[in-house]
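Comments concern the structure below.
Computed from heavy atoms alone, side chains included, the values below leave out hydrogens, waters and symmetry copies.
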Amino acid sequence: MTNRPRLTVLGTGYLGITHAACMASQGFEVLGFDTDAEKVARLSAGEVPIYEPGLEELVKEGLSSGRLAFTGSYERTAEFGDVHFLCVGTPQRRDGFGADLSQIETCLARLAPELRRPCLVVGKSTVPVGSAASLASWVAQLAPVADAAELCWSPEFLREGHGVHDTLSPDRIVIGVSSRHAENVLRQVYAPQIEAGIPLFVTDLATAELAKVAANAFLATKISFINAVAEVCDAANADVTVLADVLGADPRIGSAFLRPGLGYGGGCLPKDVRAFLARAAELGTEDALEFLRDVDAINLGRRTAMVNLATEALGGSVTGKSVCVLGASFKPGSDDVRDSPALDVAQILHGLGADITVYDPAAMDNARKACPEFTYADSVIMAADGADIVLLLTDWPEFAAIDPEKLGEVTAARRIIDGRYMLNPATWRAAGWSYRASGVPGPKTSDQHS
Ligand code: UGA
């Protein structure tokens, strides 16, 4: 193996494409693999099928430099790589809280029999603790080079929408390894980051696996904490937005992930909290993580609370009412609608008989596919046309700039519920709107103009 190991990246989702393109931008030769032939063709043509700022430029650069290519062949992938990164999905199982590892298992079952020279297989996907150790011996059994195909784990902490930055300049790098050789190879792979002074943690396999799921569980806990406190604020007529600022000013607490609102969603936090609970139960330590059940319940409770608030604001029933939903992605800066709190709320209201019109700056195509039953509009104003109520459900920055006067000219009534605390209640109330947000003091049911 030369100083510059050749890399492959298996799975071209948010994580895989970003990892492949960033590694190519740092001078590595990289081959991306996916079983989806259409995706491989699009990526090979420089087309990135996801919304991730800065990524398409990096993919195009990689392709034209000749350092980045994509394939659908396991044989070619195995032959090309000194280091194979596993970036396939590990969603929640259909039959419970645990993680579904079938994509990883399928991938390794096809790749390992082709591994004919020494290499590292590096898991990046989030897996239950203990998975890496059993996958390592399985790969060694299947691979023609036996234990010269060594499996390690290096979890990824990138946030969607910030993937390029988080990959090139992460807060920390974790490598879970079983040998000095694997550590040395991964030090070469992460050399640019290590030289830039980014902390590197060399751990065993189990600690590396836990580093990821524990981080996501902690972030989820912080969000659910402030959301639980929002309910108390509601009952006590206190203001959770001010309270969050006060708490966040304590450096021991910190303001990050203390933003109250409709709660967390997406393809990571919700399923990772549940998979952590499921794995703890398998290990006989379920009691230790029992509080994560509450974290999950508080999070889902925000969605029902929003539905209740909307129903109350509409006089007790949403049937036949026109509801304008602002936001469809699970968070701003992303087109991902997996477990989106916004779409979940819209679906419940739709089930109760409301007519839903949605606008989102980036996630319209994905939302249309996930919820074809809604009407979609091309702008905030078009979505609000004739609405009985406006629900702001994803905190896209452009929603903070909505002019209450202009919006009020097209709606049927001036009612708004701010699910993400983006608007200034005084400004909206002064413009004649009934402004509601859980945990923010103010008029509860009386519409000022309707
Ligand atoms: C999350 C983690 O932040 C990443 O470190 C991790 O690598 C990734 O999961 C993963 O496991 O792959 P991501 O799902 O992209 O990243 O989204 P976040 O930015 O973490 O936001 C998660 C959710 O929490 C969003 O729905 C967001 O709206 C919500 N959130 C976030 C809040 O409700 N309040 C906050 O203060 C912060």
Side-chain angles (χ1 to χ4, degrees), residues 6-72 77 80-81 83-90 103 122 124-126 154-171 173 189-190 192-193 196 198 212 265-269 328-338 340 360-367 369 394-398:
R6 296 208 298 183
L7 314 180
T8 80
V9 175
L10 292 107
T12 56
Y14 286 92
L15 167 59
I17 308 178
T18 311
H19 189 63
C22 288
M23 287 315 213
S25 80
Q26 294 190 315
F28 291 94
E29 284 181 64
V30 185
L31 183 63
F33 167 91
D34 206 287
T35 49
D36 181 339
E38 193 197 320
K39 219 170 175 193
V40 169
R42 286 179 69 181
L43 285 166
S44 302
E47 218 184 292
V48 171
I50 53 166
Y51 176 94
E52 191 62 56
L55 186 56
E56 191 150 302
E57 291 84 330
L58 277 194
V59 168
K60 288 198 163 111
E61 245 173 67
L63 291 169
S64 59
S65 72
R67 284 195 300 275
L68 180 63
F70 296 92
T71 183
T77 304
F80 181 91
V83 178
H84 303 283
F85 285 101
L86 292 179
C87 296
V88 297
T90 52
Q103 290 182 47
V122 186
K124 277 211 155 286
S125 317
T126 307
S154 177
E156 178 60 54
F157 301 98
L158 71 78
R159 299 158 299 165
E160 286 178 24
H162 303 269
V164 170
H165 169 270
D166 290 354
T167 305
L168 294 174
S169 311
D171 299 324
I173 295 169
V189 171
Y190 291 123
Q193 285 90 349
I198 289 163
K212 174 59 188 280
C268 303
L269 262 51
S329 58
F330 82 100
K331 68 171 188 180
S334 170
D335 65 348
D336 193 346
V337 299
R338 284 177 295 169
S340 161
D360 186 283
M364 299 286 270
D365 288 347
N366 287 339
K369 277 182 223 148
T394 307
D395 36 353
W396 282 98
E398 72 172 72

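- Of the possible donor and acceptor atoms, none in the side chain of Thr167 sits under 3.5 Å from a partner among the backbone N and O of His19.
- Between the CD atom of Glu52 and the CG atom of Leu15 there is a distance of 10.5 Å, given to the nearest 0.5 Å.
- Counting all heavy atoms, side chain and backbone alike, Leu68 lies closest to Ala24 at CB-CB, 4.0 Å.
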(request) Given side chain to side chain contact (heavy atoms under 4.5 Å, CB included), test Phe157 with Lys212 step by step and report yes or no. (result) CA-CA 7 Å; Phe157 301 98; Lys212 174 59 188 280; 4.0 Å; yes

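- Side-chain atoms of Thr394 come within 3.5 Å of backbone atoms of Ser329 as a donor-acceptor pair (strictly under, hydrogens ignored).
- Between Leu7 atom CG and His84 atom NE2 the span is 10.0 Å, to the nearest 0.5 Å.
- Looking at heavy atoms from C-beta onward, Val59 lies in side-chain contact with Ile17 at the 4.5 angstrom threshold.
- Atom CD of Glu29 is separated from atom OG1 of Thr8 by 12.5 Å, given to the nearest 0.5 angstrom.
- Arg159 places none of its side-chain heavy atoms less than 4.5 Å from the side chain of Tyr14.
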(request) Would you check, one step at a time, whether the test side chain to side chain contact (heavy atoms under 4.5 Å, CB included) holds for Asp360 with Trp396? (result) CA-CA 8 Å; Asp360 186 283; Trp396 282 98; 3.0 Å; yes

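- The main-chain N or O of Ala328 is found under 3.5 Å from a side-chain atom of Ser340 such that the two form a donor-acceptor pair.
- Proximity of a side-chain donor or acceptor of Glu156 to a complementary backbone N or O of Lys124 within less than 3.5 Å is not detected.
- Annotation for Ser44 and Phe70: closest pair OG-CB, 3.7 Å, computed over non-hydrogen atoms.
- Side-chain atoms of Pro170 and Ile198, non-hydrogen and from C-beta on, do get closer than 4.5 Å to each other.
- The backbone N or O of Pro49 lies less than 3.5 Å from no partner atom in the side chain of Lys39, so there is not a single donor-acceptor pair.
- Looking at Ser169, its side chain never comes within 3.5 Å of a backbone N or O of Asp166 through a donor-acceptor pair.
- Of all non-hydrogen atoms in Asp336 and Ser334, the two that sit nearest each other are N-OG, 3.0 Å.
- Between Arg6 and Leu31, the closest side-chain pair of non-hydrogen atoms is not below 4.5 Å.
- For the pair Met23/Gln26, a side-chain contact is recorded, criterion being any heavy-atom separation below 4.5 Å from C-beta on.
- Closest non-hydrogen pair, Gly16 versus Cys87, comes out as CA-CB, 3.8 Å.
- In this structure, the side chains of Arg338 and Asn366 stay at 4.5 Å or more apart for every pair of heavy atoms.
- Side-chain atoms of Cys22 and Leu58, non-hydrogen and from C-beta on, do get closer than 4.5 Å to each other.
- In terms of heavy atoms, Val164 sits closest to Pro53 at CG2-O, 3.8 Å.
- Annotation for Val122 and Ser154: closest pair CG1-CB, 3.6 Å, computed over non-hydrogen atoms.
- Between Arg42 atom CZ and Asp36 atom CG the span is 9.5 Å, to the nearest 0.5 Å.
- Within the model, atoms CG of Leu158 and NE2 of His165 stand 11.5 Å from one another, a figure rounded to the nearest 0.5 Å.
- Here the straight-line distance linking atom NZ of Lys369 with atom CE of Met364 works out to 13.0 Å at 0.5 Å rounding.
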